[in-house]
Amino acid sequence: MYLVAILGNCTILFAIRTEPSRHAPMYYFLSKLAVSDLRLSLSSLPTMLLIFALNATGISPSACFAQEFFIHGFTNLESSVLLVMSFVRFLAIHNPLRYSSILPNARVAKMGLVFLIKSMLLVLPFPFTLKSLTYCRKSLLSHSHCLHQDVMKLACSDNTVNFFYGFFVALFMMTDSMFIAVFYVFILKTVIGTGSHKEQLKALNTCVSHICAVLIFYMPIIASASMHHFGKLKCPVAMILIADIFLLVPPLMNPIVYCVKTQQIPEKVLGKFGLK
């Protein structure tokens, strides 16, 4: 799954990079989504491979804090990219003639940089607040990678600050999902106002790949949050499985979804090897 995810996202980056006609806002943000997926995969890859391939289950505190910083940081970045992609899709449907002038390449690059800085700064306190805690002798993590909520539970000292700040970061990311829903309400309103039924289906068809990416990304988060919230649904094995799915499935499925819906990407790659 890791190999397919890395190969798939590299394929998307290669196709967009080598084709000037795809240097448009939507493709730029698709490349940012691919980069975010790659970073998310590589953040969890070391410990996952050590556990499942070499049966090495130990990790130093510093490496653990660094890993949870990158995992949460790139998770927030991917959430922000999905939000901006929904906004770009709304602009393309609502005002197609001014779409390129509203989002020139320079503005797209600045937006990407702003969201990267925002995502990293938002989770920057995590390693420092976790490092300040006192941990019990038995430091056994539940997951195959370091997550803030999992590491936090191992502390013997008061972790109220970590709890509330972690809740704030999670709330911030859930705000992205609410704004995505709002943009799709606007998209539906715009599409309903268009002419024929065929034109409406054509406009909605351009959103299918992004809707799939949003569902693939947020469904494990919602499932995990529901299991944490409702005590009767708590199942350690299921929660570990959902956490692994969250880090493995979106980077794996996003390239597949976009390659299926955007035939030009696989055609471009196969063309480089002289294949049709």
- Query: Would the number of heavy atoms belonging to other residues, nucleotides or ligands and lying under 6.0 Å from CE of Met152 be above 12?
  - Reply: yes

- Look only at the side chain of Asp150 and the backbone of Cys146, and say whether a donor-acceptor pair between them is shorter than 3.5 Å. no

- Geometric class of the Phe246/Phe217 ring pair [parallel <30°, tilted 30-60°, perpendicular >60°]: tilted

When the side chains of residues 116-125 are checked against the rest of the protein, which donor-acceptor pairs come out under 3.5 Å, sequence neighbours left out?
{"from": "Lys118", "atom 1": "NZ", "to": "Ser80", "atom 2": "OG", "distance (Å)": "2.7"}
{"from": "Ser119", "atom 1": "OG", "to": "Leu77", "atom 2": "N", "distance (Å)": "3.3"}
{"from": "Ser119", "atom 1": "OG", "to": "Phe115", "atom 2": "O", "distance (Å)": "2.8"}

- Are any non-hydrogen side-chain atoms of Leu91 and Val88 less than 4.5 angstrom apart? no

- Query: Does CZ in Phe172 sit with more than 12 non-hydrogen atoms of other residues, nucleotides or ligands closer than 6.0 Å?
  - Reply: no

- Message: Quick check for you: to the nearest 0.5 Å, what is the distance between Glu68 atom CD and His143 atom NE2?
- Response: 12.5 Å

- Please step through side chain to side chain contact (heavy atoms under 4.5 Å, CB included) for the pair Gln149 and His72, ending with a clear verdict. CA-CA 11 Å; Gln149 58 270 32; His72 289 288; 3.8 Å; yes

- Query: Parallel, tilted or perpendicular: which describes the rings of Phe179 and Phe183, with under 30° parallel and over 60° perpendicular?
  - Reply: tilted

- Query: If you measure only the distance, is there a donor-acceptor pair under 3.5 Å linking the side chains of Gln67 and Thr47?
  - Reply: yes

- Item | Distance-only side-chain donor-acceptor flag, Ser157 / Tyr135, under 3.5 Å | no

- Message: With rounding to the nearest 0.5 angstrom, report the CD1 to SG distance, Ile256 to Cys212.
- Response: 12.0 Å

- Is there a donor-acceptor pair under 3.5 Å between the side chain of Asn9 and the backbone N or O of Pro251? yes

- Query: Side chains of Leu133 and Asn162: does their closest heavy-atom pair fall under 4.5 Å?
  - Reply: yes

- Under a 4.5 Å side-chain heavy-atom rule over Ile, Leu, Val, Met, Phe, Trp and Tyr, are Val161 and Phe168 clustered together? no

- Task: Check whether more than 12 heavy atoms from other residues, nucleotides or ligands sit under 6.0 Å from atom CG of Leu113, and answer yes or no.
- Result: yes

- Query: Between Phe128 and Phe65, is any pair of side-chain heavy atoms under 4.5 Å apart?
  - Reply: no

- Message: I want to check something: taking the side chain as every heavy atom from C-beta on, are Asn254 and Glu78 in contact at a cut-off of under 4.5 Å?
- Response: yes

- Message: Main chain of Lys32, side chain of Ser36: is a donor-acceptor contact present, judged purely on distance under 3.5 Å?
- Response: no

- Note on the structure: Paired with Tyr218, the side chain to side chain contact (heavy atoms under 4.5 Å, CB included) test is passed by just one of Val214, Leu215, Ile216, namely Val214

- Is there side-chain contact between Ser144 and Ile240, with heavy atoms separated by less than 4.5 Å? no

- Query: Do Val81 and Val84 touch side chain to side chain, with heavy atoms closer than 4.5 Å?
  - Reply: no

- Ring center gap for Tyr184 and His210 short of 6.0 angstrom: yes

- Query: Looking at Cys207 and Ile187, what are the two nearest heavy atoms and their distance?
  - Reply: SG-CG2, 4.2 Å

- Task: Report the C-alpha separation of Ser44 and Tyr2 in whole Å, then their side-chain angles, then the decisive distance to 0.1 Å, and conclude whether the side chain to side chain contact (heavy atoms under 4.5 Å, CB included) test is met.
- Result: CA-CA 10 Å; Ser44 58; Tyr2 270 118; 2.7 Å; yes

- Item | Ring geometry between Phe186 and Phe90 (parallel below 30°, tilted from 30 to 60°, perpendicular above 60°) | tilted

